[in-house]
2 protein chains.
Amino acid sequence: MNRRERRRLELRADVIKALAHASRLYIVEQLARQEHCVCELADGIGADLSTVSRHLGVLKAAGIIEGERRGKNVVYRLRTPCVLNFFGCIERVLAESAQATARVRCAPAMQSTST
Amino acid sequence: MNRRERRRLELRADVIKALAHASRLYIVEQLARQEHCVCELADGIGADLSTVSRHLGVLKAAGIIEGERRGKNVVYRLRTPCVLNFFGCIERVLAESAQATARVRCAPAMQSTST
DNA sequence: GAATCACTTGGTCATTTGGCCAAGCGTGAC
DNA sequence: GTCACGCTTGGCCAAATGACCAAGTGATTC
């Protein structure tokens with residue numbers, strides 16, 4: 001992995017990092033339905049307004065959402081809806097993990113024939 | 001966001017977190033081509049073997065890859081190749097961000113008509 | 001069974017992240 | 001202008017993350 005490739009992967013990782021938090025996933029889901037002001041999202045999340053504002057800042061910096069002042073409010077909307085496609089795959093990963101766990105639970109002596 | 005929904009989003013976030021690192025993205029890309037032992041991946045990344053082993057542990061815990069001992073080696077492979085679909089969208093996000101940056105650079109007085 | 005190779009795990013440290021409170025800033029209402 | 005409202009940002013702290021080295025474990029070799 002040379003310097004150039006590392007940089008490329010770091011840029012990708014930054015976008016993924018922006019999505020790697022429950023509250024930010026909630027925000028993305030809500031904005032997928034319709035645009036929202038900060039206060040509405042903070043309400044839904046149940047965290048301090050400042051905390052939510054920072055989460056929005058992270059998503060915005062990553063280029064996933066964009067915000068616009070409208071009167072007193074700042075209204076955010078999804079800028080790259082393709083991120084919604086991730087969730088199907090994520091669910092598949094989780095489902096397979098759950099299956100594997102179940103398999104282990106039901107057949108603990110799968111590999112080691114004895115003991 | 002009730003307790004149940006938070007839990008659901010946290011599970012999703014855990015999978016995404018596992019992908020949110022340049023070295024781990026490198027690993028996923030390599031394993032998409034073919035399976036590899038830890039030493040090969042460590043070589044490619046250029047980090048300590050222990051560090052790479054932990055990265056593999058994170059991906060495995062998330063259910064994205066799986067490993068199998070084969071003689072002296074432990075060989076890892078991709079378990080849920082659908083994660084590769086993420087990258088197209090990520091690149092689009094990055095490309096749009098780059099465009100936005102360029103726009104700002106070329107027209108700094110876009111919104112505020114004067115000043 | 002001792003040595004060696006491939007990997008994992010414990011210990012430690014520096015850095016990053018996420019949370020809240022408090023203070024600041026921009027906008028609209030009065 | 002000044003007040004209130006909505007949001008952002010600075011300050012701070014606790015917890016999580018990522019890195020390395022060193023020690024431990026599993027498997028092959030001799």
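Naming convention: chains lettered A, B, ... in sequence-line order (proteins, then strands); numbering from 1 in each chain.
Between B:Arg54 and B:Ser23, the closest side-chain pair of non-hydrogen atoms is not below 4.5 Å. In this structure, B:Asn85 and A:Asn85 have side chains that are not in contact, with every pair of non-hydrogen atoms separated by 4.5 Å or more.
A close approach under 4.0 Å does occur between a side-chain nitrogen or oxygen of B:Tyr76 and OP1 or OP2 of C:dT8. Note on A:Asn73: a side-chain N or O is less than 4.0 Å away from OP1 or OP2 of D:dC7.
A heavy atom closer than 4.0 Å to some atom of DNA chain D occurs in no member of residues 26-39 of chain B.
With sequence neighbours excluded, the residues forming a side chain to side chain contact (heavy atoms under 4.5 Å, CB included) with A:Cys89 are A:Val93, B:Cys82, B:Val83, B:Phe86, listed by chain and number. Residues passing the side chain to side chain contact (heavy atoms under 4.5 Å, CB included) test with A:Ala95, sequence neighbours excluded: none. With sequence neighbours excluded, no residue forms a ring-ring contact (aromatic ring centres under 6.0 Å, His included) with A:His36. Not counting sequence neighbours, the partners of A:Ala62 by the side chain to side chain contact (heavy atoms under 4.5 Å, CB included) test are A:Ala18, A:Ile64. With sequence neighbours excluded, the residues forming a side chain to side chain contact (heavy atoms under 4.5 Å, CB included) with B:Asp48 are B:Ser50, B:Thr51, listed by chain and number.
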Exercise for review: Would you mind building the protein contact string for nucleotides 16-23 of chain C? One character per nucleotide, 5' to 3', B for base within reach (heavy atoms under 4.0 Å), S for sugar-phosphate only, - for untouched.
Suggested key: --SSBBB-
Revision key, fill the gap. Counting primed atoms, P, OP1 and OP2 as sugar-phosphate and everything else as base, the B/S/- map of nucleotides 23-30 of chain D against protein heavy atoms under 4.0 Å is ---SSS--
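Distance, B:Ile65 CD1 to C:dT8 C1': 14 Å, rounded to whole Å. As rounded to whole Å, 15 Å separates atom C1' of D:dG6 from atom CD of A:Glu68.
Residue pairs meeting the side-chain hydrogen bond (donor to acceptor under 3.5 Å, both in side chains) criterion with at least one member in residues 24-35 of chain A, sequence neighbours excluded: A:Arg24-A:His55, A:Glu29-B:Arg8, A:Glu29-B:Arg12, A:Glu35-A:Arg70, A:Glu35-A:Arg77. Counting only residues at least two apart or in different chains, disulfide bond (SG atoms under 2.5 Å apart) contacts with residues 33-78 of chain A are absent. Identified under the ring pair (Phe, Tyr, Trp, His ring centres under 6.0 Å) test for residues 57-78 of chain B, with sequence neighbours left out: none.
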